[in-house]
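Handing you this structure, nothing more for now.
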Amino acid sequence: MSSLYFYNSLTRVKEEFKPITPNHVGMYVCGPTVSGESHLGHARPFITFDIVYRYLMQLGYKVRYVRNITDAGHFEEEGRASEDKISSKAILEKLEPMELVQKYTNLFHWAMKEFNNLEPSIEPTATGHIVEQIVMIERIIADGYAYIVNGSVYFDVDKYHADFSAKGMKYGILSGRILEDQLETTRELESQEEKRNKSDFALWKSAAPEHIMRWKSPWGEGFPGWHIECSAMSNKYLGAEFDIHGGGMDLQFPHHECEIAQSAVCNHKIPARYWLHNNMITINGRKMGKSYNNVIKLSELFSGNHEILTQAYTPMTVRFFILQTHYRSTLDFGNEALQAAEKGFRRMWDAYSLLMKFNVEKGVSASDAALEKQCTEILHALDDHMNDDLNTAKVLAGLFELVPVINSIKDGHIKMNALSSETLLLMQEKFKVYLVDIFGLKDEKKQDDQKLNSVLELIAEIRKDARAKKDFATSDKIRDQLLKAGIQLKDEKGGGVSWEYV
RNA sequence: GGUCCUGUGGCCGAGUGGCUAGGCAGAGCUCUGCAAAAGCUUCUACAGCGGUUCGAAUCCGCUCGGGACCUCCA
């Protein structure tokens, strides 16, 4: 079996994955900012890194997966005017920041569960780690790489760059940016005048009187800058140097670049070895994002309640849709594409269900050597695809090539003994491992109601009798009415009947 | 303006030098009382121009188009 390779954004090449501590992996992924509801674009990193997490565990690693909740900062609730936050109202009328944060954290967790994402090992919040952030900022100040202005603290990028370039940690090492160019091209921003240089970034921001989230610090009341929380929390739970840091490509600069600079000052190391970045989900070729006003929230996606949606899409449809593309490619949203994913997933899952019902006899050798060879080649290539920087699209394509074989065995077009026992068992194993264990897919239509099943068996029996008497009016009535109730009957070749929930 | 990425058939997408990617949609056929499902067959491709090469979607150059980041951002 091949070994696992990741494309490392830091080195810009595919590298073999070797953990720092044998058999253990530390992984940090930038989590959501819980000031609003998650949208389709947010789903991608969390599904992508859930696959990474699952795959590493499948390979036998013990993984500590840390994904933060950003619940501190300059928050405003969606659609709510900022003057609402001014503290002249009665306490229950005022916007209580932790209430807002709780609401969107709950919604985020709901969405993660819908997607069947595993829970991370640790899910630290920024508000729960104010102390760690302050300690880290103090250290950066003490080392001379940050300065205080009016109760705010800024990181001195110029000085950092001058001193750390020689140590192989220049500012821009991750994003490929050249600091000298940055100085010319960075746009004008508010409170820019406080900074010595445009490229400097905030470690701590002094809170204006109406600002609702504030903590005491050595520099006055305020709140932490955006980048410091990830550095503080990854350092606390994964150490000064860990294996994998993940997130969306749009975080590469400035967020991850700044994380490297902060950690480099404190620990003299680039915090993570492998930097993995997923690409964006686009809509009409444009990144889905608040500023483009083209977001589809997850609740809207699942309910179909959005003007550009022609129907609702289930979480597994979305998951399958994302898996059919390589994580470093952009993925363009469209109703046609989602519908294709919906049908494709169903076809795949139906075949998988059939496959697992096969009673494979032991010790049978293949009677169709060509088919045997074809199938084993596909099966053995799956791991290579996955190891090649998580090419889930190719894994799925491989599995899809086996679907007609499974269906043909079921329909009797291909005899079960065309394939050897080993190959059939391997097929069962690989389908299960990839679809369920690694890709985290699940049946959304499954009904385990024993009573209902008994009733359906009875109805199927009655319909069978009607058909035997060529009473098609009755048999069609049963079928049509059940379909209206969401149960589709399928007459099978041998006279049997199967049904599924639609 | 700077840095970088990208352009594959009706749609979504793999693929980096020679082998049918795959899914969905379309067409035909088979099975079937009909339907659904399934199976088989099949139609649309590598933005354009030039170069390297025995051979390029794949490498190089130019032209045109799209996008990301440089500001909160998954």
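In what follows, every heavy atom counts, from backbone to side chain, and hydrogens, waters and symmetry copies are set aside. So you know, we letter chains A, B, ... as the sequences are listed, proteins then strands, and number each from 1.
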#### Entry: Integer-rounded Å distance: rG13(B) P and Q339(A) CD
15 Å

#### Entry: Comparing Y327(A) and G285(A) on RNA chain B - which has the more 5′ nearest nucleotide
Y327(A)

### Task
Determine the Euclidean distance between corresponding C1' atoms of rG67(B) and rG28(B); express it in Å to zero decimal places.
40 Å

#### Entry: Interatomic distance where CG belongs to L276(A) and C1' belongs to rA74(B) [whole Å]
14 Å

### Message
Check this for me, if you would: do D476(A) and R479(A) make a salt bridge, where the nitrogen-to-carboxylate-oxygen distance has to be below 4.0 angstrom?
### Response
yes

### Task
Counting Watson-Crick and G-U wobble pairs only, both distances under 3.5 Å, name the nucleotide matched with rU3(B), or none.
rA68(B)

### Message
Between rG33(B) and D476(A), counting only base atoms on the nucleotide and side-chain atoms on the residue, is there a donor-acceptor pair under 3.5 Å?
### Response
yes

### Query
Which value, in whole Å, describes the distance between the P atoms of nucleotides rC62(B) and rG2(B)?
15 Å

### Query
rC34(B) P sits how many Å from I478(A) CD1, rounded?
19 Å

#### Entry: Any donor-acceptor N/O pair under 3.5 Å between rG33(B) base and R467(A) side chain
yes

### Message
What's the gap between rU20(B) and rA14(B) when it is taken at their C1' atoms, as a whole Å value?
### Response
13 Å

#### Entry: rG33(B) pyrimidine/purine six-ring stacking with F472(A), under 5.5 Å and 30°
yes

#### Entry: Pair of N/O donor and acceptor under 3.5 Å linking rC4(B) base with R177(A) side chain
no

## Note on the structure
Shortest non-hydrogen pair, Y160(A) vs Y171(A), comes out as CE2-N, 3.9 Å

#### Entry: Touch class at under 4.0 angstrom, heavy-atom based, for K287(A) against every strand present
base

#### Entry: Atom-pair distance (CG on L382(A); P on rA21(B)), nearest Å
19 Å

For nucleotides 37-45 of chain B, which of its nitrogen or oxygen atoms have a protein nitrogen or oxygen under 3.5 Å away, and what is each distance?
{"from": "rA38(B)", "atom 1": "O3'", "to": "N407(A)", "atom 2": "ND2", "distance (Å)": "3.0"}
{"from": "rA38(B)", "atom 1": "O2'", "to": "D411(A)", "atom 2": "OD2", "distance (Å)": "2.7"}
{"from": "rG39(B)", "atom 1": "OP1", "to": "N407(A)", "atom 2": "ND2", "distance (Å)": "3.1"}
{"from": "rG39(B)", "atom 1": "OP2", "to": "R347(A)", "atom 2": "NH1", "distance (Å)": "3.1"}

### Task
Assign H326(A) to base, sugar-phosphate, or nothing according to its heavy-atom contacts below 4.0 angstrom with the strands shown.
sugar-phosphate

### Query
With a 4.0 Å cut-off on heavy atoms, is G247(A) in touch with a base, just the backbone sugar-phosphate, or nothing at all?
sugar-phosphate

### Query
D200(A) has an atom CG; how far is it from atom C1' of rU71(B), in whole Å?
16 Å

#### Entry: Centroid separation F320(A) to W349(A) less than 6.0 Å
no

### Query
Just checking M348(A): base, sugar-phosphate only, or nothing, at a heavy-atom cut-off of under 4.0 Å?
nothing

### Separation of rG13(B) P from F400(A) CZ (nearest whole Å)
15 Å

### Message
Classify R479(A) by what it touches in the nucleic acid, base, sugar-phosphate, or nothing, heavy-atom distance under 4.0 Å.
### Response
base

#### Entry: Nucleotide nearest Y292(A) when distance is taken to its side chain, options rG23(B), rC69(B), rA74(B)
rC69(B)

### Message
Determine whether S2(A) and N387(A) satisfy the following criterion, side-chain hydrogen bond (donor to acceptor under 3.5 Å, both in side chains), listing intermediate values before the conclusion.
### Response
CA-CA 7 Å; S2(A) 55; N387(A) 282 333; 3.0 Å; yes

### Summary
For residues 317-340 of chain A, the salt bridge (Lys or Arg N to Asp or Glu O under 4.0 Å) pairs (sequence neighbours left out) are D50(A)-R319(A), R328(A)-D389(A)

### Task
Check whether any side-chain N or O of T33(A) sits under 4.0 Å from OP1 or OP2 of rA74(B), and answer yes or no.
yes

### Any strand: nucleotide that pairs with rC54(B) via Watson-Crick or wobble, under 3.5 Å
rG18(B)

### Shortest non-hydrogen contact from S175(A) toward R12(A)
C-NH2, 3.5 Å

### Query
Starting at the 5' end of RNA chain B and moving along, which residue's nearest nucleotide shows up first, M249(A) or L396(A)?
L396(A)

#### Entry: For T423(A), the option from L371(A), V405(A), L379(A) that meets side chain to side chain contact (heavy atoms under 4.5 Å, CB included)
L379(A)

### Task
Could you give the distance separating rU42(B) and rG10(B) at their C1' atoms, to the nearest angstrom?
16 Å

### Salt bridge flag under 4.0 Å for residues R346(A) and E342(A)
no

### Message
So, applying side chain to side chain contact (heavy atoms under 4.5 Å, CB included) with K430(A), which one of L382(A), L355(A), I378(A) is it?
### Response
L382(A)

### Message
Using atom P in both nucleotides, what's the gap between rG55(B) and rC5(B) to the nearest angstrom?
### Response
29 Å

### Task
Give L489(A) one of three labels, base, sugar-phosphate or nothing, depending on what nucleic acid heavy atoms sit under 4.0 Å from its own.
base

## Note on the structure
R328(A) CZ to rG13(B) P, in whole Å, measures 16 Å

### Message
Just N and O in the side chain of N279(A): are any of them under 4.0 Å from OP1 or OP2 of rC5(B)?
### Response
no

Shorter than 3.5 Å, N or O on both sides, protein versus nucleotides 9-12 of chain B: list them out with atom names.
{"from": "rC11(B)", "atom 1": "O4'", "to": "E336(A)", "atom 2": "OE1", "distance (Å)": "3.4"}

### Query
Roughly how far, to the nearest 0.5 Å, is CD of E119(A) from NZ of K113(A)?
6.5 Å

#### Entry: Short N-O contact, K445(A) and E500(A), less than 4.0 angstrom
no

### Task
Examine rA25(B): is either OP1 or OP2 under 4.0 Å from a nitrogen or oxygen in the side chain of K343(A)? Give yes or no.
yes

#### Entry: C1' atoms of rA25(B) and rC43(B), separation to the nearest Å
12 Å

### Task
Answer yes if the ring centres of Y327(A) and F49(A) are under 6.0 angstrom apart, and no otherwise.
no

### Task
Write down the distance between CG (L174(A)) and P (rU3(B)), rounded to a whole number of angstrom.
18 Å

### Message
Any base atoms under 4.0 Å from F49(A), or only sugar-phosphate, or nothing? Heavy atoms, all strands.
### Response
nothing

### Nearest-Å distance once atom P is located in both rC70(B) and rG22(B)
39 Å

### Message
Could you tell me how far rA56(B) sits from rC19(B) if I compare only their C1' atoms? Round to whole Å.
### Response
14 Å

### Task
For S498(A), report the nucleic acid contact type (base, sugar-phosphate, nothing); a contact means any heavy atom under 4.0 Å.
nothing

### Task
Inspect the contact between D384(A) and K394(A) and indicate whether a charged nitrogen and a carboxylate oxygen are less than 4.0 angstrom apart.
no

#### Entry: Short side-chain N/O contact to rA14(B) OP1/OP2 from S329(A), under 4.0 Å
yes

### Pairing partner of rA27(B) (Watson-Crick or G-U wobble, both distances under 3.5 Å)
rU41(B)

